[in-house]
Amino acid sequence: MIKRLTSDFYNQSALILAPKVLGKLLCRDIDGKIDKYRITETEAYYGEEDTACHASKGKTQRTKILYQKGGLAYVYLCYGIHSLLNVVTGKQDHPECVLIRGAGNFNGPGKLTKALQIDRAFNYENLIMSKKLWLEDDGFSYEYQTTPRVGIDYATEEYKNIHWRFQLK
DNA sequence: AAAGTGATCATG
DNA sequence: ATGATCACTTTG
């Protein structure tokens with residue numbers, strides 16, 4: 001039984017969703033050709049109090065999308081080269097998201113978006129409605145492990161050490 | 001090990 | 001206006 005994920009799913013907290021997004025199918029329609037990839041690695045970014053979260057310094061032009069309710073894609077450019085794909089989660093006015101770091105055979109969030117031809121044009125794409133990019137649940141069951149997040153040296157110790165990175169075993 | 005790359009945000 | 005920063009990848 002395959003079903004597309006709806007707003008009920010995305011409105012949950014990022015901390016609950018990050019492990020749930022694992023094992024789901026990331027679906028991309030490129031000119032009528034649909035590709036689906038098993039999501040293998042995610043990270044949670046949760047609230048202004050999370051010093052690794054982009055919204056930790058408050059609402060700006062760039063981060064205001066995180067304050068929307070769940071279901072939007074947040075795509076931003078990192079290191080001038082890579083587009084990184086996130087899913088905005090949770091309730092209106094609370095900033096949180098899940099970063100999709102790996103799917104299919106791609107490891108590395110930059111490689112993933114390159115392969116799927118996802119760029120900043122997908123910022124604000126609605127994953128509940130979109131015909132080009134969405135998530136599906138096919139009932140796949142899995143085990144996962146948690147580790148500290150990577151690439152967040154600028155965060156405080158408390159948040160650097162917290163296990164908010166989730167990988168399929 | 002190190003560089004390349006450009007949007008973003010805080011200064012002036 | 002300018003400059004520092006950065007949730008990465010590739011190359012040697």
Side-chain angles (χ1 to χ4, degrees), chain A residues 5 9-10 12-26 28 30 35 37-91 93-127 133-135 144-169:
Chain A
L5 297 173
F9 181 81
Y10 294 112
Q12 302 171 87
S13 147
L15 300 179
I16 294 173
L17 274 176
K20 285 195 182 183
V21 169
L22 280 178
K24 299 295 183 289
L25 295 172
L26 177 63
R28 172 78 171 102
I30 301 174
D35 286 319
Y37 303 92
R38 182 84 55 199
I39 294 171
T40 57
E41 185 174 343
T42 62
E43 286 180 8
Y45 290 86
Y46 187 76
E48 291 183 356
E49 67 274 20
D50 174 4
T51 48
C53 182
H54 281 174
S56 64
K57 297 197 180 74
K59 192 187 278 194
T60 66
Q61 185 67 27
R62 177 215 212 181
T63 60
K64 66 181 184 189
I65 184 173
L66 298 174
Y67 292 77
Q68 301 269 351
K69 66 179 197 170
L72 298 179
Y74 168 41
V75 181
Y76 74 95
L77 197 64
C78 174
Y79 297 116
I81 303 174
H82 311 289
S83 298
L84 267 56
L85 173 63
N86 301 251
V87 178
V88 178
T89 65
K91 296 177 181 155
D93 295 327
H94 187 268
E96 50 181 276
C97 66
V98 173
L99 168 64
I100 298 180
R101 292 186 55 89
N105 296 319
F106 313 113
N107 38 358
K111 288 185 175 174
L112 172 71
T113 51
K114 189 178 173 191
L116 299 200
Q117 298 176 37
I118 291 170
D119 58 22
R120 285 171 28 268
F122 280 85
N123 207 16
Y124 287 93
E125 188 81 7
N126 187 327
L127 301 174
L133 185 67
W134 68 95
L135 266 56
Y144 65 88
Q145 59 190 0
T146 64
T147 60
R149 294 174 290 182
V150 295
I152 52 165
D153 286 347
Y154 56 89
T156 55
E157 283 300 317
E158 177 187 2
Y159 283 98
K160 267 199 277 194
N161 296 330
I162 197 163
H163 282 34
W164 280 355
R165 181 186 191 194
F166 304 85
Q167 300 168 279
L168 285 189
K169 270 192 176 165

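Note that the structure is predicted; figures quoted are calculated from it, not measured. Proteins get letters first, then strands, A, B, ... in listed order; numbering begins at 1 in each.
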For A:Glu158, what residues pass the salt bridge (charged side-chain N to carboxylate O under 4.0 Å, His left out) criterion, not counting sequence neighbours?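 Salt bridge (charged side-chain N to carboxylate O under 4.0 Å, His left out) check on A:Glu158 returns nothing, list empty.
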Residues at least two apart in sequence or cross-chain that pass salt bridge (charged side-chain N to carboxylate O under 4.0 Å, His left out) with A:Lys20, listed by chain then number, are none
For [X] and [N], give me the distance from atom [atom1] to atom [atom2], rounded to whole Å.
X: A:Phe106; N: C:dT9; atom1: CZ; atom2: C1'; answer: 15 Å
X: A:Ile152; N: C:dC6; atom1: CD1; atom2: P; answer: 12 Å
X: A:Tyr76; N: C:dT5; atom1: OH; atom2: P; answer: 18 Å
X: A:Leu84; N: C:dT5; atom1: CG; atom2: P; answer: 21 Å
X: A:Asn86; N: C:dC8; atom1: CG; atom2: P; answer: 11 Å

Looking across every strand, which nucleic acid part, if any, lies under 4.0 Å from A:Arg101 by heavy atom: base, sugar-phosphate, or nothing? sugar-phosphate
[X] versus [Y]: any side-chain heavy-atom pair under 4.5 Å?
X: A:Ile152; Y: A:Tyr159; result: no
X: A:Leu127; Y: A:Leu5; result: no
X: A:Lys160; Y: A:Pro148; result: no
X: A:Asp50; Y: A:Trp164; result: yes
X: A:Leu26; Y: A:Leu85; result: yes
X: A:Phe166; Y: A:Val21; result: no

Would you list the pairs meeting salt bridge (Lys or Arg N to Asp or Glu O under 4.0 Å) in which at least one residue belongs to residues 96-125 of chain A, sequence neighbours left out?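 Counting only pairs at least two positions apart or across chains, the salt bridge (Lys or Arg N to Asp or Glu O under 4.0 Å) contacts touching residues 96-125 of chain A are A:Glu41-A:Arg101, A:Glu43-A:Arg101.
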Considering only residues two or more places apart or on different chains, which pairs with a residue in residues 57-74 of chain A satisfy salt bridge (Lys or Arg N to Asp or Glu O under 4.0 Å)?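 Sorted pair list comes back empty.
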So which protein N/O to nucleotides 1-4 of chain C N/O distances come out below 3.5 Å?
none

With A:Asn126, which residues qualify under side-chain contact (heavy atoms from CB on, under 4.5 Å), at least two apart? A:Leu72, A:Ile128, A:Met129
Pairing residues for A:Ile81 by the side-chain contact (heavy atoms from CB on, under 4.5 Å) criterion, not counting sequence neighbours: none
Using a heavy-atom cut-off of 4.0 Å to chain A, what are the terminal contacting nucleotides of DNA chain B, in 5' to 3' order?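 On DNA chain B, the outermost contacted nucleotides are B:dG4 to B:dC9.
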For DNA chain B, find the residues of residues 49-72 of chain A with a heavy-atom distance under 4.0 Å and give them by number; none if there aren't any.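 Nucleic-acid contacts, sorted: A:Thr60, A:Arg62.
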Can you sort out which residues in residues 112-120 of chain A have a heavy atom within less than 4.0 Å of DNA chain B? Ascending by number, please.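 Under 4.0 Å from DNA chain B: no residue of residues 112-120 of chain A.
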For A:Phe9, give me all partners under ring pair (Phe, Tyr, Trp, His ring centres under 6.0 Å), at least two apart in sequence or on another chain. none
What pair of heavy atoms forms the shortest contact from A:Leu168 to A:Gly23, and how long is it?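 A:Leu168 and A:Gly23 have their closest heavy atoms at CD2-N, 4.2 Å.
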Tell me the closest heavy-atom pair linking A:Thr40 and A:Gly104, and the distance in Å.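 The answer is CG2-O, 4.0 Å.
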Please check: side-chain N/O of A:Thr51 versus main-chain N/O of A:Thr156, any donor-acceptor pairing under 3.5 Å?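 Yes, the answer is positive, given that a donor and an acceptor are paired below the 3.5 Å cut-off.
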Mind checking which stems touch DNA chain B? I mean at least 3 consecutive Watson-Crick or G-U pairs, both distances under 3.5 Å. B:1-4 with C:8-11, B:6-11 with C:1-6
